[in-house]
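These notes are about the structure you will find just below.
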Amino acid sequence: MMDRPDFDAIANWIHPGSRVLDLGCGNGDLLKYLTDKRAAKGYGVEINDENLLASVRSGINVIQMDLESGLSVFESRSFDYVVLSQTLQAVQHTELIVREMLRVGNEGIVTFPNFGYWRHRLDIMRGRMPVSEDLPYQWYDTPNIHLCTLKDFEAFCVRLGVRILERMVLTRGRAIQSRANLFGAMAVYRLQAS
Amino acid sequence: MNEIFAPVRELKSVGRVAPQTMHFEQPLGLRSGAAIDSYNLTFETYGRLNAAKSNAVLVCHALNASHHVAGYYADDPKDIGWWDNMIGPGKPLDTERFFVIGVNNLGGCFGTTGPSSNDPKTGKPYGASFPVVTVEDWVAAQARLADRLGIQRFAAVMGGSLGAMQALQWAISFPQRIANAIVVAAAPKLSAQNIAFNEVARRAITTDPDFHGGNYYEHNAIPKRGLRLARMIGHITYLSDDAMMEKFGRTLRSGNIGYHFEVDFEVESYLRHQGDKFAEYFDANTYLLITRALDYFDPAADCSGNLAEALAKASAQFLVVSFTSDWRFAPNRSREIVKALLDNNLNVSYAEIDAPHGHDAFLLDDARYMGMVAAYYNRIATEVAA
(Lines give C-alpha, C1' and ligand atoms only; values in the text may rest on other atoms or scores of the structure.)
Protein backbone atom coordinates (compact mmCIF):
# COMPACT_ATOMS: atom_id res chain seq x y z
CA MET A 1 0.00 0.00 0.00
CA MET A 2 2.81 2.36 0.85
CA ASP A 3 4.18 2.62 -2.65
CA ARG A 4 1.77 5.54 -2.95
CA PRO A 5 3.64 8.60 -1.61
CA ASP A 6 0.68 10.79 -2.46
CA PHE A 7 -1.21 9.08 0.39
CA ASP A 8 1.03 10.73 2.98
CA ALA A 9 0.75 14.11 1.31
CA ILE A 10 -3.04 13.87 1.37
CA ALA A 11 -3.12 12.56 4.95
CA ASN A 12 -0.99 15.50 6.08
CA TRP A 13 -3.32 18.00 4.50
CA ILE A 14 -6.63 16.82 5.83
CA HIS A 15 -7.84 17.66 9.32
CA PRO A 16 -8.49 14.75 11.69
CA GLY A 17 -12.10 13.60 11.64
CA SER A 18 -12.77 15.13 8.24
CA ARG A 19 -15.51 14.00 5.91
CA VAL A 20 -13.84 12.69 2.78
CA LEU A 21 -15.24 11.57 -0.57
CA ASP A 22 -12.76 9.59 -2.67
CA LEU A 23 -13.67 9.58 -6.36
CA GLY A 24 -12.37 6.52 -8.15
CA CYS A 25 -11.39 4.94 -4.86
CA GLY A 26 -9.97 1.77 -6.43
CA ASN A 27 -9.57 -0.96 -3.85
CA GLY A 28 -10.22 1.50 -1.02
CA ASP A 29 -6.59 1.77 0.14
CA LEU A 30 -6.50 5.56 0.39
CA LEU A 31 -9.77 5.88 2.24
CA LYS A 32 -8.73 3.09 4.60
CA TYR A 33 -5.42 4.88 5.14
CA LEU A 34 -7.16 8.19 5.88
CA THR A 35 -9.63 6.43 8.17
CA ASP A 36 -6.82 4.77 10.14
CA LYS A 37 -4.41 7.74 10.17
CA ARG A 38 -6.74 10.73 10.35
CA ALA A 39 -10.00 9.25 11.65
CA ALA A 40 -11.56 10.40 8.40
CA LYS A 41 -15.15 9.41 7.75
CA GLY A 42 -16.27 9.02 4.23
CA TYR A 43 -17.23 7.20 1.11
CA GLY A 44 -15.50 5.94 -1.97
CA VAL A 45 -16.98 6.09 -5.43
CA GLU A 46 -16.00 3.33 -7.82
CA ILE A 47 -17.35 1.85 -11.03
CA ASN A 48 -15.28 -1.30 -11.40
CA ASP A 49 -16.80 -4.48 -9.90
CA GLU A 50 -13.52 -5.94 -8.65
CA ASN A 51 -12.48 -2.69 -7.01
CA LEU A 52 -15.91 -2.34 -5.45
CA LEU A 53 -15.64 -5.77 -3.87
CA ALA A 54 -12.11 -5.05 -2.65
CA SER A 55 -13.37 -1.81 -1.09
CA VAL A 56 -16.20 -3.58 0.74
CA ARG A 57 -13.68 -6.14 1.96
CA SER A 58 -11.42 -3.41 3.26
CA GLY A 59 -14.31 -2.12 5.36
CA ILE A 60 -14.91 1.26 3.75
CA ASN A 61 -18.19 2.67 2.44
CA VAL A 62 -18.25 2.50 -1.32
CA ILE A 63 -20.86 3.60 -3.84
CA GLN A 64 -20.90 2.05 -7.30
CA MET A 65 -21.39 4.89 -9.72
CA ASP A 66 -20.05 6.38 -12.92
CA LEU A 67 -18.24 9.63 -12.15
CA GLU A 68 -18.68 10.71 -15.72
CA SER A 69 -22.36 11.38 -15.13
CA GLY A 70 -21.77 13.74 -12.22
CA LEU A 71 -22.23 13.48 -8.48
CA SER A 72 -25.93 14.20 -8.16
CA VAL A 73 -26.39 11.81 -5.22
CA PHE A 74 -24.11 14.05 -3.16
CA GLU A 75 -25.34 17.36 -1.77
CA SER A 76 -23.32 20.56 -2.26
CA ARG A 77 -20.71 21.18 0.44
CA SER A 78 -21.45 17.83 2.06
CA PHE A 79 -17.76 16.89 2.38
CA ASP A 80 -14.70 18.62 3.79
CA TYR A 81 -12.55 17.12 1.05
CA VAL A 82 -13.26 15.45 -2.25
CA VAL A 83 -10.26 13.48 -3.47
CA LEU A 84 -9.46 12.55 -7.05
CA SER A 85 -6.34 10.45 -6.65
CA GLN A 86 -4.68 9.25 -9.87
CA THR A 87 -8.04 9.42 -11.60
CA LEU A 88 -8.12 12.83 -13.34
CA GLN A 89 -6.03 11.61 -16.26
CA ALA A 90 -8.37 8.68 -16.87
CA VAL A 91 -11.71 10.49 -17.01
CA GLN A 92 -13.57 11.66 -20.09
CA HIS A 93 -15.42 14.68 -18.72
CA THR A 94 -12.56 16.31 -16.86
CA GLU A 95 -14.13 19.74 -16.50
CA LEU A 96 -17.48 18.42 -15.27
CA ILE A 97 -15.80 16.24 -12.69
CA VAL A 98 -13.57 19.01 -11.31
CA ARG A 99 -16.58 21.33 -11.07
CA GLU A 100 -18.62 18.63 -9.37
CA MET A 101 -15.89 17.82 -6.86
CA LEU A 102 -15.64 21.46 -5.86
CA ARG A 103 -19.40 21.73 -5.55
CA VAL A 104 -19.66 18.69 -3.28
CA GLY A 105 -16.50 19.35 -1.28
CA ASN A 106 -15.33 22.38 0.57
CA GLU A 107 -11.93 21.59 -0.89
CA GLY A 108 -10.70 19.26 -3.59
CA ILE A 109 -7.50 17.24 -3.63
CA VAL A 110 -6.23 16.12 -7.02
CA THR A 111 -3.23 13.92 -7.75
CA PHE A 112 -1.95 12.97 -11.19
CA PRO A 113 1.26 11.90 -12.95
CA ASN A 114 3.17 14.85 -14.43
CA PHE A 115 3.56 14.28 -18.14
CA GLY A 116 6.23 17.02 -18.15
CA TYR A 117 8.58 14.96 -15.95
CA TRP A 118 12.01 14.83 -17.58
CA ARG A 119 12.03 11.09 -18.02
CA HIS A 120 8.76 11.32 -19.92
CA ARG A 121 10.19 14.12 -22.05
CA LEU A 122 13.26 12.03 -22.73
CA ASP A 123 11.14 9.06 -23.81
CA ILE A 124 9.33 11.30 -26.28
CA MET A 125 12.65 12.72 -27.51
CA ARG A 126 13.73 9.16 -28.12
CA GLY A 127 10.62 8.68 -30.11
CA ARG A 128 8.68 6.47 -27.69
CA MET A 129 5.62 6.98 -25.49
CA PRO A 130 6.65 7.33 -21.84
CA VAL A 131 6.37 4.29 -19.59
CA SER A 132 7.40 4.84 -15.98
CA GLU A 133 6.58 4.08 -12.37
CA ASP A 134 3.81 6.67 -12.47
CA LEU A 135 2.73 5.91 -16.03
CA PRO A 136 3.00 2.16 -15.96
CA TYR A 137 1.05 1.46 -19.18
CA GLN A 138 1.82 0.91 -22.81
CA TRP A 139 0.13 3.30 -25.23
CA TYR A 140 -2.26 0.57 -26.35
CA ASP A 141 -3.51 -0.50 -22.93
CA THR A 142 -3.45 2.73 -20.96
CA PRO A 143 -6.62 3.99 -19.25
CA ASN A 144 -5.06 7.46 -19.32
CA ILE A 145 -6.71 9.64 -21.93
CA HIS A 146 -6.14 13.15 -20.51
CA LEU A 147 -2.51 13.40 -19.51
CA CYS A 148 -1.18 16.85 -18.66
CA THR A 149 1.79 18.69 -17.21
CA LEU A 150 1.75 20.86 -14.08
CA LYS A 151 1.60 23.96 -16.29
CA ASP A 152 -1.33 22.54 -18.24
CA PHE A 153 -3.23 21.78 -15.07
CA GLU A 154 -2.59 25.20 -13.56
CA ALA A 155 -3.77 26.92 -16.75
CA PHE A 156 -6.88 24.71 -16.60
CA CYS A 157 -7.53 25.86 -13.02
CA VAL A 158 -7.25 29.50 -14.07
CA ARG A 159 -9.71 28.94 -16.90
CA LEU A 160 -12.17 27.20 -14.52
CA GLY A 161 -11.74 29.85 -11.83
CA VAL A 162 -10.36 27.27 -9.42
CA ARG A 163 -8.04 28.47 -6.66
CA ILE A 164 -4.93 26.41 -5.96
CA LEU A 165 -4.48 26.43 -2.18
CA GLU A 166 -1.42 24.22 -2.00
CA ARG A 167 0.75 22.10 -4.26
CA MET A 168 3.15 19.27 -3.55
CA VAL A 169 5.27 17.67 -6.22
CA LEU A 170 6.86 14.30 -5.62
CA THR A 171 9.42 12.10 -7.29
CA ARG A 172 9.82 8.65 -5.79
CA GLY A 173 8.34 9.89 -2.55
CA ARG A 174 10.64 12.93 -2.22
CA ALA A 175 9.30 16.47 -2.43
CA ILE A 176 10.58 18.50 -5.39
CA GLN A 177 11.07 22.20 -4.68
CA SER A 178 12.46 23.75 -7.86
CA ARG A 179 11.69 23.29 -11.56
CA ALA A 180 8.88 21.00 -10.51
CA ASN A 181 7.39 20.66 -13.97
CA LEU A 182 10.65 19.09 -15.12
CA PHE A 183 11.76 17.16 -12.05
CA GLY A 184 8.42 16.20 -10.52
CA ALA A 185 6.89 12.84 -11.38
CA MET A 186 3.64 13.26 -9.48
CA ALA A 187 1.57 16.28 -8.50
CA VAL A 188 -0.75 16.71 -5.53
CA TYR A 189 -2.95 19.81 -5.48
CA ARG A 190 -5.36 21.22 -2.93
CA LEU A 191 -8.09 23.22 -4.63
CA GLN A 192 -11.11 25.35 -3.88
CA ALA A 193 -13.83 26.93 -5.99
CA SER A 194 -13.36 30.68 -6.00
CA MET B 1 -13.92 -13.07 -15.17
CA ASN B 2 -11.37 -12.53 -12.44
CA GLU B 3 -10.82 -15.28 -9.91
CA ILE B 4 -12.04 -13.15 -7.00
CA PHE B 5 -15.53 -13.63 -8.42
CA ALA B 6 -15.14 -17.37 -8.80
CA PRO B 7 -18.03 -19.22 -7.21
CA VAL B 8 -17.33 -20.37 -3.70
CA ARG B 9 -16.41 -24.04 -3.32
CA GLU B 10 -19.13 -26.69 -3.46
CA LEU B 11 -21.74 -25.47 -1.03
CA LYS B 12 -23.81 -27.42 1.39
CA SER B 13 -27.42 -26.98 2.34
CA VAL B 14 -28.54 -26.32 5.92
CA GLY B 15 -30.19 -29.71 5.40
CA ARG B 16 -33.48 -30.79 6.87
CA VAL B 17 -35.45 -28.00 8.49
CA ALA B 18 -38.81 -27.77 10.19
CA PRO B 19 -41.12 -24.80 10.68
CA GLN B 20 -42.24 -23.69 14.13
CA THR B 21 -45.28 -21.68 15.09
CA MET B 22 -45.56 -19.25 17.96
CA HIS B 23 -48.80 -17.89 19.34
CA PHE B 24 -49.17 -14.24 20.37
CA GLU B 25 -52.02 -13.27 22.67
CA GLN B 26 -51.34 -9.58 23.00
CA PRO B 27 -53.37 -7.63 20.40
CA LEU B 28 -51.36 -5.95 17.68
CA GLY B 29 -52.54 -2.46 16.75
CA LEU B 30 -52.23 -1.87 13.02
CA ARG B 31 -51.36 1.16 10.98
CA SER B 32 -54.92 1.28 9.64
CA GLY B 33 -56.31 1.73 13.15
CA ALA B 34 -57.65 -1.83 13.26
CA ALA B 35 -56.10 -4.51 15.44
CA ILE B 36 -55.52 -8.25 15.42
CA ASP B 37 -56.44 -9.68 18.82
CA SER B 38 -54.24 -12.73 18.68
CA TYR B 39 -52.24 -14.42 15.99
CA ASN B 40 -49.72 -17.10 15.09
CA LEU B 41 -46.40 -16.51 13.38
CA THR B 42 -44.78 -19.41 11.55
CA PHE B 43 -41.02 -19.28 11.21
CA GLU B 44 -37.86 -21.29 10.65
CA THR B 45 -34.39 -20.86 12.09
CA TYR B 46 -30.99 -22.06 10.91
CA GLY B 47 -27.64 -21.98 12.65
CA ARG B 48 -27.07 -21.27 16.34
CA LEU B 49 -27.76 -18.15 18.35
CA ASN B 50 -24.51 -17.31 20.13
CA ALA B 51 -24.31 -16.68 23.87
CA ALA B 52 -24.29 -12.90 23.41
CA LYS B 53 -27.32 -13.24 21.08
CA SER B 54 -25.52 -10.91 18.71
CA ASN B 55 -25.44 -13.04 15.55
CA ALA B 56 -29.12 -13.13 14.58
CA VAL B 57 -30.15 -12.24 11.04
CA LEU B 58 -33.77 -11.78 10.01
CA VAL B 59 -34.56 -12.63 6.39
CA CYS B 60 -37.76 -11.02 5.13
CA HIS B 61 -39.78 -12.49 2.28
CA ALA B 62 -41.26 -10.76 -0.72
CA LEU B 63 -44.59 -11.24 -2.45
CA ASN B 64 -45.12 -14.94 -2.80
CA ALA B 65 -42.47 -16.50 -0.59
CA SER B 66 -42.55 -17.69 3.01
CA HIS B 67 -40.59 -18.50 6.14
CA HIS B 68 -39.04 -21.44 4.26
CA VAL B 69 -35.87 -19.62 3.31
CA ALA B 70 -33.27 -22.40 3.22
CA GLY B 71 -32.90 -26.17 3.53
CA TYR B 72 -35.59 -28.72 2.73
CA TYR B 73 -38.36 -30.63 4.47
CA ALA B 74 -37.93 -34.24 5.52
CA ASP B 75 -41.21 -35.26 3.90
CA ASP B 76 -40.52 -33.32 0.71
CA PRO B 77 -36.82 -33.03 -0.15
CA LYS B 78 -37.73 -31.12 -3.32
CA ASP B 79 -39.29 -28.30 -1.29
CA ILE B 80 -36.11 -26.24 -1.06
CA GLY B 81 -36.09 -22.83 0.64
CA TRP B 82 -36.50 -19.85 -1.68
CA TRP B 83 -33.11 -18.29 -0.86
CA ASP B 84 -31.16 -21.52 -0.42
CA ASN B 85 -28.40 -20.29 -2.76
CA MET B 86 -27.79 -17.34 -0.40
CA ILE B 87 -28.15 -19.00 2.97
CA GLY B 88 -26.40 -22.09 4.33
CA PRO B 89 -23.04 -23.37 5.55
CA GLY B 90 -20.28 -21.46 3.74
CA LYS B 91 -22.80 -19.47 1.70
CA PRO B 92 -22.89 -15.63 1.61
CA LEU B 93 -25.13 -15.64 4.69
CA ASP B 94 -23.21 -18.36 6.48
CA THR B 95 -25.29 -20.39 8.90
CA GLU B 96 -22.12 -21.58 10.59
CA ARG B 97 -21.63 -18.04 11.86
CA PHE B 98 -25.10 -16.54 11.91
CA PHE B 99 -28.43 -17.49 13.42
CA VAL B 100 -30.91 -16.97 10.61
CA ILE B 101 -34.67 -16.48 11.01
CA GLY B 102 -37.26 -16.60 8.25
CA VAL B 103 -40.82 -15.66 9.19
CA ASN B 104 -44.09 -15.82 7.30
CA ASN B 105 -45.67 -12.38 7.57
CA LEU B 106 -49.06 -11.56 9.02
CA GLY B 107 -51.79 -12.11 6.46
CA GLY B 108 -49.76 -14.93 4.93
CA CYS B 109 -50.98 -18.35 3.90
CA PHE B 110 -48.18 -20.64 5.08
CA GLY B 111 -49.05 -21.10 8.74
CA THR B 112 -49.02 -17.53 9.99
CA THR B 113 -52.45 -16.07 10.75
CA GLY B 114 -54.03 -14.73 7.58
CA PRO B 115 -57.33 -14.51 5.73
CA SER B 116 -57.52 -18.29 5.32
CA SER B 117 -57.09 -18.87 9.09
CA ASN B 118 -60.07 -19.29 11.35
CA ASP B 119 -61.16 -16.16 13.17
CA PRO B 120 -61.50 -17.28 16.82
CA LYS B 121 -64.53 -14.96 17.17
CA THR B 122 -66.56 -16.70 14.48
CA GLY B 123 -64.87 -20.04 14.08
CA LYS B 124 -64.84 -19.38 10.34
CA PRO B 125 -62.02 -18.17 8.07
CA TYR B 126 -61.40 -14.43 8.28
CA GLY B 127 -61.78 -14.04 4.52
CA ALA B 128 -62.64 -10.48 3.58
CA SER B 129 -62.71 -9.42 7.24
CA PHE B 130 -58.96 -9.84 7.70
CA PRO B 131 -57.56 -6.34 8.27
CA VAL B 132 -55.29 -4.69 5.73
CA VAL B 133 -51.70 -4.97 7.00
CA THR B 134 -48.73 -2.79 6.11
CA VAL B 135 -44.97 -3.23 6.03
CA GLU B 136 -44.83 -1.39 9.37
CA ASP B 137 -47.28 -3.88 10.86
CA TRP B 138 -45.19 -6.81 9.64
CA VAL B 139 -42.08 -5.31 11.13
CA ALA B 140 -43.87 -4.73 14.44
CA ALA B 141 -44.93 -8.40 14.48
CA GLN B 142 -41.41 -9.53 13.59
CA ALA B 143 -40.09 -7.48 16.50
CA ARG B 144 -42.40 -9.35 18.86
CA LEU B 145 -41.05 -12.63 17.55
CA ALA B 146 -37.53 -11.33 18.16
CA ASP B 147 -38.54 -10.44 21.74
CA ARG B 148 -39.73 -13.97 22.33
CA LEU B 149 -36.54 -15.43 20.90
CA GLY B 150 -34.52 -13.16 23.20
CA ILE B 151 -33.01 -11.14 20.37
CA GLN B 152 -32.60 -7.54 21.38
CA ARG B 153 -30.69 -6.44 18.30
CA PHE B 154 -30.30 -8.07 14.89
CA ALA B 155 -26.83 -8.25 13.36
CA ALA B 156 -28.70 -7.73 10.10
CA VAL B 157 -32.14 -7.62 8.59
CA MET B 158 -32.09 -8.61 4.95
CA GLY B 159 -34.51 -8.88 2.08
CA GLY B 160 -35.06 -8.49 -1.63
CA SER B 161 -37.86 -6.48 -3.23
CA LEU B 162 -40.73 -6.25 -0.70
CA GLY B 163 -38.39 -8.01 1.75
CA ALA B 164 -35.92 -5.17 1.32
CA MET B 165 -38.66 -2.70 2.17
CA GLN B 166 -39.07 -4.50 5.50
CA ALA B 167 -35.33 -4.18 6.14
CA LEU B 168 -35.61 -0.46 5.43
CA GLN B 169 -38.63 -0.19 7.70
CA TRP B 170 -36.73 -1.95 10.48
CA ALA B 171 -34.05 0.74 10.31
CA ILE B 172 -36.77 3.37 10.73
CA SER B 173 -39.09 1.65 13.23
CA PHE B 174 -36.43 0.09 15.47
CA PRO B 175 -33.14 1.94 14.92
CA GLN B 176 -31.62 0.48 18.08
CA ARG B 177 -32.50 -3.07 17.18
CA ILE B 178 -30.79 -3.40 13.81
CA ALA B 179 -27.05 -3.13 13.21
CA ASN B 180 -27.13 -3.66 9.43
CA ALA B 181 -29.78 -3.52 6.73
CA ILE B 182 -29.22 -5.40 3.50
CA VAL B 183 -31.57 -3.92 0.96
CA VAL B 184 -31.67 -5.74 -2.38
CA ALA B 185 -33.67 -4.78 -5.50
CA ALA B 186 -35.76 -2.30 -3.56
CA ALA B 187 -37.66 0.92 -4.05
CA PRO B 188 -38.47 3.53 -1.39
CA LYS B 189 -42.08 3.45 -2.61
CA LEU B 190 -43.98 2.13 -5.61
CA SER B 191 -44.37 4.16 -8.78
CA ALA B 192 -47.76 4.65 -10.44
CA GLN B 193 -46.76 1.93 -12.93
CA ASN B 194 -45.90 -0.49 -10.09
CA ILE B 195 -49.29 0.16 -8.46
CA ALA B 196 -50.98 -0.23 -11.83
CA PHE B 197 -49.57 -3.73 -12.28
CA ASN B 198 -50.71 -4.64 -8.77
CA GLU B 199 -54.18 -3.32 -9.51
CA VAL B 200 -54.49 -5.45 -12.65
CA ALA B 201 -53.50 -8.50 -10.59
CA ARG B 202 -56.03 -7.65 -7.89
CA ARG B 203 -58.83 -7.04 -10.38
CA ALA B 204 -58.10 -10.41 -11.95
CA ILE B 205 -58.73 -11.97 -8.53
CA THR B 206 -61.65 -9.87 -7.32
CA THR B 207 -63.57 -10.22 -10.60
CA ASP B 208 -63.20 -14.01 -10.64
CA PRO B 209 -66.74 -15.40 -10.06
CA ASP B 210 -65.19 -17.79 -7.53
CA PHE B 211 -63.96 -14.90 -5.38
CA HIS B 212 -67.29 -14.39 -3.59
CA GLY B 213 -66.25 -11.05 -2.14
CA GLY B 214 -63.27 -12.68 -0.46
CA ASN B 215 -65.33 -15.30 1.39
CA TYR B 216 -64.74 -18.09 -1.11
CA TYR B 217 -63.71 -20.53 1.63
CA GLU B 218 -67.29 -21.00 2.79
CA HIS B 219 -68.35 -21.57 -0.82
CA ASN B 220 -65.72 -24.26 -1.20
CA ALA B 221 -64.39 -22.28 -4.11
CA ILE B 222 -60.97 -20.88 -5.04
CA PRO B 223 -60.61 -17.96 -7.45
CA LYS B 224 -57.97 -19.84 -9.40
CA ARG B 225 -58.52 -18.04 -12.68
CA GLY B 226 -57.81 -14.73 -11.01
CA LEU B 227 -54.77 -16.08 -9.18
CA ARG B 228 -53.37 -17.49 -12.41
CA LEU B 229 -53.72 -14.18 -14.20
CA ALA B 230 -52.26 -12.29 -11.24
CA ARG B 231 -49.24 -14.54 -11.25
CA MET B 232 -48.81 -14.27 -15.02
CA ILE B 233 -48.83 -10.48 -14.84
CA GLY B 234 -46.38 -10.56 -11.94
CA HIS B 235 -44.02 -12.87 -13.77
CA ILE B 236 -43.79 -10.55 -16.74
CA THR B 237 -42.63 -7.75 -14.45
CA TYR B 238 -40.00 -9.94 -12.76
CA LEU B 239 -38.14 -10.70 -15.97
CA SER B 240 -36.36 -8.35 -18.31
CA ASP B 241 -37.30 -8.13 -21.98
CA ASP B 242 -33.86 -9.53 -22.86
CA ALA B 243 -34.10 -12.39 -20.36
CA MET B 244 -37.50 -13.39 -21.73
CA MET B 245 -36.26 -13.24 -25.30
CA GLU B 246 -33.20 -15.24 -24.32
CA LYS B 247 -35.26 -17.85 -22.49
CA PHE B 248 -38.18 -18.25 -24.91
CA GLY B 249 -37.55 -16.22 -28.03
CA ARG B 250 -40.48 -16.77 -30.38
CA THR B 251 -40.16 -20.52 -30.10
CA LEU B 252 -43.35 -22.35 -30.94
CA ARG B 253 -44.68 -25.15 -28.78
CA SER B 254 -45.48 -27.48 -31.65
CA GLY B 255 -43.14 -26.04 -34.24
CA ASN B 256 -45.97 -24.51 -36.28
CA ILE B 257 -48.34 -21.60 -35.84
CA GLY B 258 -51.75 -23.03 -35.02
CA TYR B 259 -54.05 -20.18 -36.09
CA HIS B 260 -55.96 -20.42 -32.82
CA PHE B 261 -55.94 -18.77 -29.40
CA GLU B 262 -54.54 -21.62 -27.39
CA VAL B 263 -50.86 -21.91 -26.56
CA ASP B 264 -48.66 -21.33 -29.60
CA PHE B 265 -45.54 -19.76 -28.12
CA GLU B 266 -43.26 -21.17 -25.43
CA VAL B 267 -43.63 -18.00 -23.39
CA GLU B 268 -47.40 -18.52 -23.22
CA SER B 269 -46.91 -22.06 -22.03
CA TYR B 270 -44.43 -20.90 -19.40
CA LEU B 271 -46.72 -18.19 -18.04
CA ARG B 272 -49.68 -20.55 -17.90
CA HIS B 273 -47.60 -23.13 -16.10
CA GLN B 274 -46.44 -20.56 -13.55
CA GLY B 275 -50.02 -19.37 -13.09
CA ASP B 276 -51.37 -22.91 -12.65
CA LYS B 277 -48.71 -23.83 -10.11
CA PHE B 278 -49.28 -20.67 -8.11
CA ALA B 279 -53.06 -21.04 -8.01
CA GLU B 280 -52.60 -24.44 -6.35
CA TYR B 281 -50.78 -23.19 -3.27
CA PHE B 282 -51.30 -19.47 -2.79
CA ASP B 283 -54.26 -17.81 -1.10
CA ALA B 284 -56.01 -15.14 -3.16
CA ASN B 285 -56.78 -12.89 -0.18
CA THR B 286 -53.14 -13.03 0.87
CA TYR B 287 -52.17 -11.92 -2.63
CA LEU B 288 -54.49 -8.93 -2.32
CA LEU B 289 -53.11 -8.04 1.10
CA ILE B 290 -49.46 -8.29 0.11
CA THR B 291 -49.84 -6.25 -3.07
CA ARG B 292 -51.65 -3.63 -0.99
CA ALA B 293 -48.81 -3.56 1.54
CA LEU B 294 -46.49 -2.89 -1.39
CA ASP B 295 -48.71 -0.08 -2.69
CA TYR B 296 -48.95 1.59 0.71
CA PHE B 297 -45.26 1.37 1.59
CA ASP B 298 -43.93 4.92 1.60
CA PRO B 299 -41.87 5.74 4.69
CA ALA B 300 -41.32 9.27 3.41
CA ALA B 301 -45.06 10.00 3.38
CA ASP B 302 -45.03 10.95 7.07
CA CYS B 303 -42.23 13.46 6.35
CA SER B 304 -43.91 15.28 3.47
CA GLY B 305 -42.21 13.04 0.97
CA ASN B 306 -38.70 13.56 2.30
CA LEU B 307 -37.04 10.14 2.52
CA ALA B 308 -33.89 11.54 4.13
CA GLU B 309 -36.02 12.94 6.94
CA ALA B 310 -37.79 9.58 7.30
CA LEU B 311 -34.39 7.94 7.74
CA ALA B 312 -33.08 10.59 10.14
CA LYS B 313 -33.57 8.32 13.14
CA ALA B 314 -31.89 5.34 11.47
CA SER B 315 -28.48 4.32 12.74
CA ALA B 316 -27.93 1.01 10.93
CA GLN B 317 -25.23 0.44 8.36
CA PHE B 318 -26.52 -0.37 4.91
CA LEU B 319 -25.67 -2.49 1.93
CA VAL B 320 -27.90 -1.54 -0.99
CA VAL B 321 -27.85 -3.69 -4.14
CA SER B 322 -29.68 -3.16 -7.42
CA PHE B 323 -29.62 -4.87 -10.81
CA THR B 324 -29.18 -2.98 -14.07
CA SER B 325 -31.89 -4.89 -15.97
CA ASP B 326 -34.50 -4.64 -13.19
CA TRP B 327 -37.24 -2.44 -14.60
CA ARG B 328 -39.72 -3.17 -11.82
CA PHE B 329 -37.46 -1.54 -9.20
CA ALA B 330 -34.77 -0.03 -11.40
CA PRO B 331 -31.35 1.06 -10.05
CA ASN B 332 -32.60 4.66 -9.91
CA ARG B 333 -35.01 3.63 -7.17
CA SER B 334 -32.16 2.18 -5.13
CA ARG B 335 -30.14 5.34 -5.73
CA GLU B 336 -32.98 7.32 -4.10
CA ILE B 337 -32.46 5.19 -1.00
CA VAL B 338 -28.68 5.58 -1.18
CA LYS B 339 -29.02 9.35 -1.48
CA ALA B 340 -31.27 9.55 1.57
CA LEU B 341 -28.74 7.48 3.55
CA LEU B 342 -25.86 9.68 2.37
CA ASP B 343 -27.82 12.77 3.36
CA ASN B 344 -27.92 11.33 6.88
CA ASN B 345 -24.21 10.48 6.94
CA LEU B 346 -25.06 6.83 7.47
CA ASN B 347 -22.61 4.10 6.56
CA VAL B 348 -23.70 2.73 3.22
CA SER B 349 -22.22 0.74 0.39
CA TYR B 350 -24.03 0.42 -2.91
CA ALA B 351 -23.54 -2.15 -5.66
CA GLU B 352 -25.22 -1.91 -9.04
CA ILE B 353 -24.92 -5.41 -10.46
CA ASP B 354 -24.83 -5.64 -14.23
CA ALA B 355 -27.12 -8.67 -14.53
CA PRO B 356 -29.47 -9.50 -17.41
CA HIS B 357 -32.29 -11.21 -15.51
CA GLY B 358 -34.48 -8.32 -14.41
CA HIS B 359 -36.05 -8.10 -10.95
CA ASP B 360 -35.65 -11.86 -10.48
CA ALA B 361 -31.86 -11.39 -10.40
CA PHE B 362 -32.06 -10.97 -6.62
CA LEU B 363 -32.92 -14.66 -6.31
CA LEU B 364 -30.35 -15.93 -8.79
CA ASP B 365 -26.69 -16.82 -8.61
CA ASP B 366 -24.43 -14.08 -9.84
CA ALA B 367 -20.83 -14.23 -8.68
CA ARG B 368 -20.54 -10.44 -8.26
CA TYR B 369 -23.79 -10.24 -6.29
CA MET B 370 -23.04 -13.24 -4.09
CA GLY B 371 -19.44 -12.06 -3.60
CA MET B 372 -20.61 -8.64 -2.48
CA VAL B 373 -23.12 -10.01 0.02
CA ALA B 374 -20.54 -12.50 1.33
CA ALA B 375 -17.95 -9.73 1.77
CA TYR B 376 -20.47 -7.60 3.61
CA TYR B 377 -21.45 -10.46 5.95
CA ASN B 378 -17.77 -11.00 6.67
CA ARG B 379 -17.65 -7.44 7.92
CA ILE B 380 -20.73 -8.00 10.05
CA ALA B 381 -19.25 -11.21 11.45
CA THR B 382 -16.22 -9.23 12.64
CA GLU B 383 -18.43 -6.58 14.22
CA VAL B 384 -20.59 -9.01 16.13
CA ALA B 385 -17.88 -11.61 16.77
CA ALA B 386 -19.93 -14.24 14.99
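All chains are named by letter (A, B, ...) in the order of the sequence lines, taking the proteins before the strands, and each is independently numbered beginning at 1.
A donor-acceptor contact shorter than 3.5 Å links the side chain of B/S349 to the backbone of A/V62.
Most heavy-atom pairs under 4.5 Å with chain A, from the set B/A340, B/P331, B/S322, B/A351: that is B/A351. For the options A/K41, A/M65, A/E46, heavy-atom pairs under 4.5 Å to chain B are most numerous at A/K41. For chain A, the option among B/I353, B/N345, B/N378 with the highest count of heavy-atom pairs below 4.5 Å is B/N345.
Neither the backbone nor the side chain of B/I380 comes within contact range of chain A, judged by heavy atoms closer than 4.5 Å. Only the backbone of A/I60 comes within contact range of chain B, with heavy atoms under 4.5 Å apart.
A/Q64 contributes atom CD, which lies 6.5 Å from atom CE of B/M372 (distance to the nearest 0.5 angstrom). With rounding to the nearest 0.5 angstrom, the OG atom of A/S72 is 8.0 Å from the NZ atom of B/K339. Distance CG/A/N61 to OH/B/Y350: 15.0 Å, rounded to 0.5 Å. Taking CG of A/D49 as the start and CG of B/D354 as the end, the distance is 7.5 Å to the nearest 0.5 Å.
Environment of CD in B/E96: crowded, with over 12 heavy atoms of neighbouring residues, nucleotides or ligands closer than 6.0 Å. Around CZ of A/R77, the count of heavy atoms belonging to other residues, nucleotides or ligands within 6.0 Å exceeds 12.
You'll find the side chain of A/I47 stays beyond 4.5 Å of the side chain of B/E352, heavy atoms only. Side-chain contact check for A/Y43 versus B/V348: some heavy-atom pair is nearer than 4.5 Å. Proximity of A/R57 to B/R379: side-chain heavy atoms (C-beta onward) are nowhere separated by under 4.5 Å.
The shortest heavy-atom contact between A/I63 and B/L342 is CD1-CD2, 4.4 Å.
Contact check on B/R368 versus A/E50 returns no salt bridge, with no Lys/Arg side-chain nitrogen under 4.0 Å from an Asp/Glu carboxylate oxygen.
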